[in-house]
Number of protein chains: 2
Amino acid sequence: MGVTRTEIFTQEQNELAQMMKALAHPARIAIIQQLLKSQSCICGDLVDEIGLAQATISQHLRELKAVGIIKGTIEGTSVCYCINEEVWKHYSKTFGELFKSFVEGKSCC
Amino acid sequence: MGVTRTEIFTQEQNELAQMMKALAHPARIAIIQQLLKSQSCICGDLVDEIGLAQATISQHLRELKAVGIIKGTIEGTSVCYCINEEVWKHYSKTFGELFKSFVEGKSCC
DNA sequence: TTTATATATCGCAATATTACGATTAATTAT
DNA sequence: ATAATTAATCGTAATATTGCGATATATAAA
């Protein structure tokens, strides 16, 4: 009990859920929004702009990196993060397909 | 420690995160997919098709209902669930806007 | 009224997430 | 070499989520 039973779901369902989960925290949304605006992509700037501890931001960055949605490049003593275009497009397409699969007026109640 | 610090984020960021969270579980994705296919929308059928206990499915249904993405109608002794069109469109639009705000080739690393 | 059926809720155990201080590791500047 | 700077990781506490059996609730059938 207490563990998500991924084995009973399809790969697609698990992947969709994982994608959603990666963005299911306001700090991670904030990070993504910053990177989309594409000004400061330096980790330290993200720490300043979002009001969480450095360790916490680093943890959120790791989660986003784990699903591939961002990538980081070391620049001297700091790290520059940005959106991984390829993965971002994949997310965009997958989410888009889910939402467009809704057929207007088909609701039964 | 251990509580999401919603107070330091914008309403938009919190709302986006909450929307993602509602769909951040394969069982809830599976439920939504079933309702999109719009055959069996009866709770009991969902329990049969997804392999989780009745209590667990009921809990996931409650979470989806809590964010308004589905609605349930009592039909005799059973309950018919379906997508809430209005809320679904709102989700679709909000997610769409986030993803289309990505500017091609702007990544700095 | 009694019984059967369907769903929601309660209570609990297992696990996961969030946050942060402290520390480590790696690079740059002195 | 040493100190300063930046980010990752460790360890831990607080809280949230997941799953399910048991029970409650509500309607329908007998």
Side-chain angles (χ1 to χ4, degrees), chain A residues 1-9 13-14 17-31 34-35 40-67 70-82 109, chain B residues 1-9 13-14 17-31 34-35 40-67 70-82 109:
Chain A
M1 314 124 189
V3 200
T4 299
R5 300 195 38 205
T6 53
E7 76 281 3
I8 67 171
F9 300 105
Q13 288 162 346
N14 284 316
Q18 196 185 30
M19 281 168 46
M20 296 284 184
K21 204 169 180 180
L23 298 173
H25 192 286
R28 293 196 289 274
I29 293 286
I31 289 171
Q34 271 300 322
L35 299 188
S40 54
C41 64
I42 301 297
C43 174
D45 292 344
L46 293 169
V47 174
D48 293 341
E49 273 154 38
I50 303 166
L52 292 172
Q54 182 265 320
T56 309
I57 295 292
S58 194
Q59 206 170 302
H60 285 301
L61 286 169
R62 183 171 47 184
E63 282 182 68
L64 290 170
K65 234 183 339 184
V67 295
I70 66 169
K71 55 186 171 181
T73 311
I74 297 171
E75 283 192 0
T77 165
S78 51
V79 176
C80 175
Y81 283 101
C82 63
C109 46
Chain B
M1 313 123 190
V3 202
T4 297
R5 299 193 40 203
T6 53
E7 76 279 4
I8 67 170
F9 300 104
Q13 288 163 346
N14 284 315
Q18 197 184 28
M19 281 169 46
M20 296 284 185
K21 204 169 178 180
L23 298 174
H25 193 285
R28 294 195 289 275
I29 293 285
I31 289 171
Q34 271 300 323
L35 299 187
S40 54
C41 63
I42 302 297
C43 173
D45 292 345
L46 293 169
V47 173
D48 292 342
E49 272 155 38
I50 303 167
L52 292 172
Q54 182 266 321
T56 308
I57 295 293
S58 194
Q59 204 172 306
H60 285 301
L61 286 168
R62 183 172 48 185
E63 281 182 69
L64 290 171
K65 233 182 341 184
V67 295
I70 66 168
K71 55 186 173 182
T73 312
I74 297 171
E75 282 191 2
T77 165
S78 51
V79 176
C80 175
Y81 282 102
C82 65
C109 47

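First the proteins, then the strands, lettered A, B, ... as listed; each starts at 1.
Regarding contacts with the backbone of dC20(D), a side-chain N or O of T56(B) is found under 4.0 angstrom from either OP1 or OP2. Between dT17(C) and K21(A), a contact under 4.0 Å exists linking OP1 or OP2 to a side-chain N or O. The phosphate of dT17(C) has neither OP1 nor OP2 within less than 4.0 Å of any side-chain N or O from H60(A). Proximity of R62(B) to the phosphate of dT7(C): no side-chain N or O atom is located under 4.0 Å from OP1 or OP2. Applying the 4.0 Å criterion to OP1 and OP2 of dA8(C), one finds that Y81(B) has a side-chain N or O inside that range.
Of all nucleotides listed (dA8(D), dT7(C), dA22(C)), dT7(C) comes nearest to the side chain of C43(B). Distances from the side chain of V3(A) to the nucleotides dA16(C), dA8(D), dT7(C) place dA16(C) closest. Listed nucleotides dA8(C), dT9(D), dC20(C) differ in distance to L52(A); the shortest reach to its side chain belongs to dC20(C). Distance from the side chain of A55(B) is smallest to dG21(D) among dT7(C), dG21(D), dT17(C). If you check dT7(C), dG21(D), dA8(C) against the side chain of I42(B), the one that comes closest is dT7(C).
In this structure, I50(A) atom CD1 and dA19(C) atom P are separated by 11 Å, rounded to whole Å. Rounded to an integer number of Å, the gap from NE2 of H25(B) to P of dT17(D) is 11 Å. Nucleotide dT18(D) holds its P atom 12 Å from the CD1 atom of I57(B), rounded to whole Å. Nucleotide dA7(D) holds its C1' atom 20 Å from the NZ atom of K71(A), rounded to whole Å. To the nearest angstrom, P of dT17(D) lies 17 Å from CE of M20(A). Protein atom CD of E63(B) is 7 Å distant from nucleotide atom P of dT17(D), rounded to whole Å. If you take CD of E75(B) and P of dT27(D), they are 14 Å apart, rounded to a whole angstrom. Distance, L64(A) CG to dA8(D) P: 12 Å, rounded to whole Å.
The aromatic rings of H25(A) and H60(A) lie tilted to each other, with the angle between the two planes from 30° to 60°.
Between the base of dT5(D) and the side chain of T77(A) there is a donor-acceptor pair shorter than 3.5 Å. For a distance-only test at 3.5 Å, the side chain of Q54(A) qualifies as a donor-acceptor partner of the base of dA8(D). Donor-acceptor pairing under 3.5 Å, judged by distance alone, is present between the side chain of Q59(A) and the base of dC20(C).
Comparing V79(A) and F9(A) by the nucleotide of DNA chain D whose heavy atom lies nearest to each, the residue mapping closer to the 5' end is V79(A). Each of T4(B) and R5(A) was assigned the nucleotide of DNA chain D with the nearest heavy atom; the assignment lying further toward the 5' end belongs to T4(B).
Taken from CD in Q54(A) to CD in Q59(A), the straight-line distance is 11.0 Å, to the nearest 0.5 Å. For the atom pair CD1 (I70(A)) and CD (E63(A)), the distance works out to 10.5 Å, reported to the nearest 0.5 Å. Remark: D48(A) CG to I57(A) CD1 distance equals 9.5 Å, nearest 0.5 Å. Atom-to-atom distance recorded for L61(A):CG and R28(A):CZ is 10.5 Å, nearest 0.5 angstrom.
Side-chain contact check for D45(A) versus Y81(A): every heavy-atom pair is 4.5 Å or farther apart.
Using a 4.0 Å heavy-atom criterion, one finds that S58(A) contacts the bases of the nucleic acid, with or without backbone contacts as well.
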